[in-house]
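Structure first, then comments.
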Amino acid sequence: MSVYTPVSDAALAAFLAGYDLGRPLRLTGISAGVENSNFFLDTEKGNAVLTIFERLPTHEIPYFLDLTDWLGRADIPCPRPIPARDGRTLKTLCGKPAAIVQRLPGRSVEGRSPTAEEIILLGRLLARMHRAGQDFPIHRPNPAGPRWWQETARRLRAHLCRDDVELIQDELREQGQNACQHLPRGVIHADLFPDNVLFSAGRITGVIDFYYACDDLWLYDLAIVANAWCSRPDGPLDNALSQILWEAYTSERPLAAGEEACWFPLLRAAALRFWLLRLDARHFPRAGDLTQCKDPEEYRRILLARRATC
């Protein structure tokens with residue numbers, strides 16, 4: 001959600017001329033996130049979010065817009081795309097693909113520890129989202145899966161200390177022996193961090209930023225959530241919170257045979273993925289007005305803690 005592409009008043013007005021949203025009143029860059037340029041868009045007829053897609057190939061973007069529309073129709077609170085007058089949800093702004101989506105109410109828990117009640121809501125919603133996406137007709141392999149891990153590790157090798165290179169290589173060897181790929185799979189969010197979930201009045205009002213969504217193991221998605229929401233600052237899991245998350249999730253989607261045995265390997269896989277992602281963003285940054293880079297050391301600590309328990 002960083003801003004890499006500034007938008008002039010004239011460009012915005014010309015873009016909105018194709019929508020039934022009225023005149024633009026305010027465009028505010030959103031500084032969180034790393035992939036796209038995102039803006040809060042206030043118009044005469046309400047509030048929305050404008051996204052300019054910076055790296056995704058244009059032919060891949062309809063997957064995400066169609067997915068959030070599909071999930072929204074299944075009562076998952078996600079930002080459904082707003083079509084232009086011609087019915088299209090994907091347009092062009094500043095020479096790049098762009099879309100307008102609903103702006104959902106609520107606030108994230110980023111910057112504070114989540115409560116047990118919030119973790120219960122999150123676990124149940126994640127399971128419902130997995131079930132709702134089960135019949136989504138479009139399939140997208142995970143672009144940040146094991147092949148990406150290997151390629152990114154090679155790219156980073158010259159920029160890291162020897163201890164980190166050896167840690168990554170050892171974890172890659174361990175993950176190469178991971179026998180979990182037969183487990184239940186389907187649509188996953190793949191980036192459900194605290195800043196991507198909105199709460200209001202004791203309920204979840206928004207699940208946002210689906211631009212890592214893909215097909216992968218449902219339990220891997222739960223592992224991403226556990227690492228992001230239930231880790232202590234020094235890396236280990238908060239066992240009470242992670243157990244609450246586990247029980248809430250499995251109350252909506254009972255696990256299949258073999259899933260529980262893969263829990264710790266998938267926690268490690270999720271930690272490795274986000275450590276590599278943050279290292280890549282730090283060592284190969286892109287220019288932007290409000291760009292930010294999240295701390296890779298957080299996920300190094302999480303990976304070390306998960307390795308110590310498995």
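Quick caveat: nothing in here was measured; it's all calculated off a predicted structure.
- With E44 contributing its side chain and R23 its backbone, the two residues share a donor-acceptor pair below 3.5 Å.
- Shown are L71, L192, V101, N196; of these, the side chain to side chain contact (heavy atoms under 4.5 Å, CB included) with F210 is made only by L71.
- Annotation: cation-pi geometry not satisfied between R107 and F199 (NZ/CZ under 6.0 angstrom from ring centroid, within 45° of ring axis).
- In the hydrophobic cluster analysis, where Ile, Leu, Val, Met, Phe, Trp and Tyr join through side-chain heavy atoms closer than 4.5 angstrom, L25 is grouped apart from V7.
- Both cation-pi conditions hold for R273 and Y212: the charged atom is under 6.0 angstrom from the six-membered ring centre and inside a 45 degree cone around its axis.
- L160 and H283 get closest at one heavy-atom pair: CD2-NE2, 3.7 Å.
- Using a distance-only test at 3.5 Å, with no hydrogens or angles considered, no donor-acceptor pair links the side chain of T43 to the main chain of G22.
- For D234, the CG atom counts as densely surrounded, since its 6.0 Å shell holds more than 12 non-hydrogen atoms of other residues, nucleotides or ligands.
- For P265 against N178, the heavy-atom pair with the smallest separation is CB-ND2, 3.9 Å.
- Between the side chain of R128 and the main chain of G123, no donor-acceptor pair closer than 3.5 Å is present.
- Heavy atoms of other residues, nucleotides or ligands lying less than 6.0 angstrom from CZ of R162 number 12 at most.
- For E260, the CD atom sits in a loose shell: 12 or fewer heavy atoms of surrounding residues, nucleotides or ligands are nearer than 6.0 Å.
- A side-chain donor-acceptor contact under 3.5 Å links T309 to the backbone of R306.
- At distances below 3.5 Å, at least one donor-acceptor pair connects side-chain atoms of W70 with backbone N or O atoms of A132.
- Residues D195 and S108 have side chains that never bring a donor and an acceptor to within less than 3.5 angstrom of each other.
- F39 is not listed as a side-chain neighbour of L12, based on a closest heavy-atom distance of 4.5 Å or more.
- Under the 4.5 Å side-chain criterion, counting only non-hydrogen atoms from C-beta, W246 is in contact with L222.
- Ring geometry, F193 versus Y299: the interplanar angle falls from 30° to 60°, so the pair is classed tilted.
- With hydrogens and angles left out, the side-chain atoms of H130 and D221 include a donor and acceptor closer than 3.5 Å.
- Although no hydrogens or angles enter the test, the distance criterion places no donor-acceptor pair under 3.5 Å between the side chain of R131 and the main chain of R253.
- Figure legend: cation-pi geometry between R85 and Y19 absent, as NZ or CZ is not positioned both under 6.0 Å from the six-membered ring centre and within 45° of its axis.
- Of the possible donor and acceptor atoms, one in the side chain of R278 sits under 3.5 Å from a partner among the backbone N and O of D295.
- The backbone N or O of I208 sits less than 3.5 Å from a side-chain atom of H189, completing a donor-acceptor pair.
- In the model, H139 has no side-chain atom that pairs as donor or acceptor with a side-chain atom of Y63 under 3.5 Å.
- Taking the side chain as every heavy atom from C-beta outward, D164 and W275 approach each other to under 4.5 Å.
- Side chain of N142 to main chain of D216: no donor-acceptor pair is present (N/O by atom type, distance under 3.5 Å, no hydrogens or angles).
- Considering only heavy atoms from C-beta on, L183 stays 4.5 Å or farther from W218 through its side chain.
- When the options D209, N36, N38 are evaluated for a side chain to side chain donor-acceptor pair (under 3.5 Å) with T51, the one that passes is N38.
- Side-chain heavy atoms closer than 4.5 Å link hydrophobic residues (I, L, V, M, F, W, Y) into clusters, and following such links, possibly through other members, connects F264 to I302.
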